[in-house]
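One structure below.
Proteins get letters first, then strands, A, B, ... in listed order; numbering begins at 1 in each. Just so it is clear, the structure is predicted and the values come from calculations on it, not from any experiment.
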Protein chains: 2
Amino acid sequence: MASSMILYWGSGSPPCWRVMIALEEKNLQGYQQKLLSFEKNEHKSEPVMAINPRGQLPSFKHGDKIINESFGACLYLENQFKSQGTQLIPDSAAEQALVYQRMFETLTLQQKMADVIYYTWKVPEGERHDSAVKRNKEALSAELQLWEGYFQKMDAGSYAAGKYFTMADVMVFPQIAYAFRFGLSQEKFPKLEEYHNLVKERSSVQASWPPHWKETPQGMEILKDL
Amino acid sequence: MASSMILYWGSGSPPCWRVMIALEEKNLQGYQQKLLSFEKNEHKSEPVMAINPRGQLPSFKHGDKIINESFGACLYLENQFKSQGTQLIPDSAAEQALVYQRMFETLTLQQKMADVIYYTWKVPEGERHDSAVKRNKEALSAELQLWEGYFQKMDAGSYAAGKYFTMADVMVFPQIAYAFRFGLSQEKFPKLEEYHNLVKERSSVQASWPPHWKETPQGMEILKDL
């Protein structure tokens with residue numbers, strides 16, 4: 001089954017990483033994959049554009065079925081391989097509700113992180129304002145405090161939606177890891193750091209760890225003063 | 001079952017509308033609901049904040065289970081009431097893949113629409129630039145052309161992911177309706193207009209049509225020149 005899958009991905013991209021963690025958790029090792037370089041603009045290259053008019057990574061194909069959106073690909077894998085590997089969406093209504101809630105809150109965290117980390121890349125020089133940078137940082141800080149609070153209210157050693165590793169972790173862990181790579185303070189966000197330490201040892205996460213992070217474990221410290 | 005559900009919502013909000021369409025499609029009429037006013041800041045009121053620290057609408061509770069994220073709430077309803085009402089996530093891998101792909105592309109459409117429609121509301125006066133307005137409009141126009149192209153490639157009378165009404169429609173239809181309300185050109189986007197006309201007659205959509213849109217069918221014509 002896995003050999004009929006192909007994933008185009010970029011190292012360190014949280015959306016790509018999600019799909020790779022889901023593939024590992026569903027025991028779908030052995031899929032075809034191609035690591036592409038954002039710097040060299042390879043996400044706009046012909047094989048990607050052929051399946052993804054947005055020219056974005058991840059781009060994912062299973063046989064002739066294309067699902068490029070990371071949330072979509074992960075849900076597809078869970079549904080199509082339900083009884084294989086880790087069950088990522090629990091059956092019970094209460095557990096499922098919390099998994100869905102945290103999964104989709106991740107999109108807000110992702111957006112607020114992008115607003116800060118990619119500011120100078122996204123906003124042309126003549127349109128940049130210190131007031132916007134400050135506001136974006138405050139919004140991200142409040143967002144991360146919300147997540148810190150979620151973990152504070154759960155038992156020590158909890159995953160993002162409780163006792164078990166679920167789709168909520170597939171979505172949010174890469175964002176949290178990204179935040180620490182970009183200098184997030186372990187002192188100010190101790191529960192997120194605990195969570196980071198717990199999940200980073202998981203075999204699916206180790207197997208898919210961004211290769212260029214191994215060479216340079218620390219990125220620019222953009223989030224240090226949050 | 002439905003009587004143990006409560007939805008806090010705002011009129012015309014695409015995320016709220018999604019949850020209402022899903023509730024109708026799953027035959028969950030009879031849920032408790034409270035229409036709140038964004039203008040009066042009622043989304044920050046005590047009953048909302050009690051279940052949603054983000055102070056956003058929709059806020060949704062089923063018994064003691066809380067799912068405020070619109071995508072999460074809709075997937076929860078589909079999963080918990082699988083055999084009731086319309087099946088919104090098809091079983092077959094090919095259909096399912098396309099439903100997930102279009103569902104999550106809706107988030108990009110939503111973001112690009114927000115960048116244009118809410119610009120003056122989100123960006124303080126001293127930070128506004130005509131160049132940013134122009135760029136945001138171009139990005140939204142390209143995004144809408146992409147969707148227009150998706151419908152062009154499908155049979156006449158298709159829903160967002162093919163022959164049947166699915167979760168892809170629950171997600172994207174409120175955005176498309178919002179675009180036309182804000183002045184999107186029917187001439188420049190004829191396939192989107194066809195889709196709009198098809199889905200707006202559906203009973204779940206009629207039953208949940210934003211009440212203040214009935215009184216004032218046309219919003220500000222912000223998207224007229226796209």
Are more than 12 heavy atoms, taken from residues, nucleotides or ligands other than [X], located less than 6.0 Å from that residue's [atom1] atom?
X	atom1	value
B/N41	CG	yes
B/D155	CG	no
B/Y164	OH	no
B/K163	NZ	no
A/D130	CG	no

Exercise for the section: Quick one: which of B/E127, B/Q96, B/E105 has the most heavy-atom pairs under 4.5 Å with chain A, could you say? Expected result: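 Of the options given, most contacts go to B/E127.
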
Exercise for the section: Tell me, for B/T106 versus chain A, whether the close heavy atoms (under 4.5 Å) come from the side chain, the backbone, both or neither. Expected result: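 Looking at B/T106, nothing touches chain A.
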
Exercise for the section: Determine which residues belonging to residues 46-57 of chain B lie within contact range of chain A, meaning some heavy atom pair is under 4.5 Å apart, and list them by number or answer 'none'. Expected result: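 Checking residues 46-57 of chain B against chain A gives B/P53, B/R54.
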
Problem - Close approach to chain A in residues 135-147 of chain B, criterion heavy atom under 4.5 Å - result: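 Within residues 135-147 of chain B, near chain A: B/R135, B/E143, B/L146, B/W147.
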
Handout entry: Within residues 63-77 of chain A, residues adjacent to chain B where the heavy-atom gap is under 4.5 Å
Key =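 Residues of residues 63-77 of chain A touching chain B at under 4.5 Å: A/K65, A/I66, A/I67, A/N68, A/E69, A/F71, A/G72, A/L75, A/Y76.
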
Handout entry: chain B neighbours within residues 23-39 of chain A, where any heavy atom lies under 4.5 Å away
Key =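 Listed by number: none.
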
Exercise for the section: Could you tell me the separation between the OH atom of A/Y100 and the CD atom of B/E78, rounded to the nearest 0.5 Å? Expected result: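 So the gap between those two atoms works out to 9.0 Å.
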
Practice task
Name the region of A/Y150, side chain, backbone, both or neither, that has any atom closer than 4.5 Å to a heavy atom of chain B.
Solution key: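 Contact with chain B: side chain only.
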
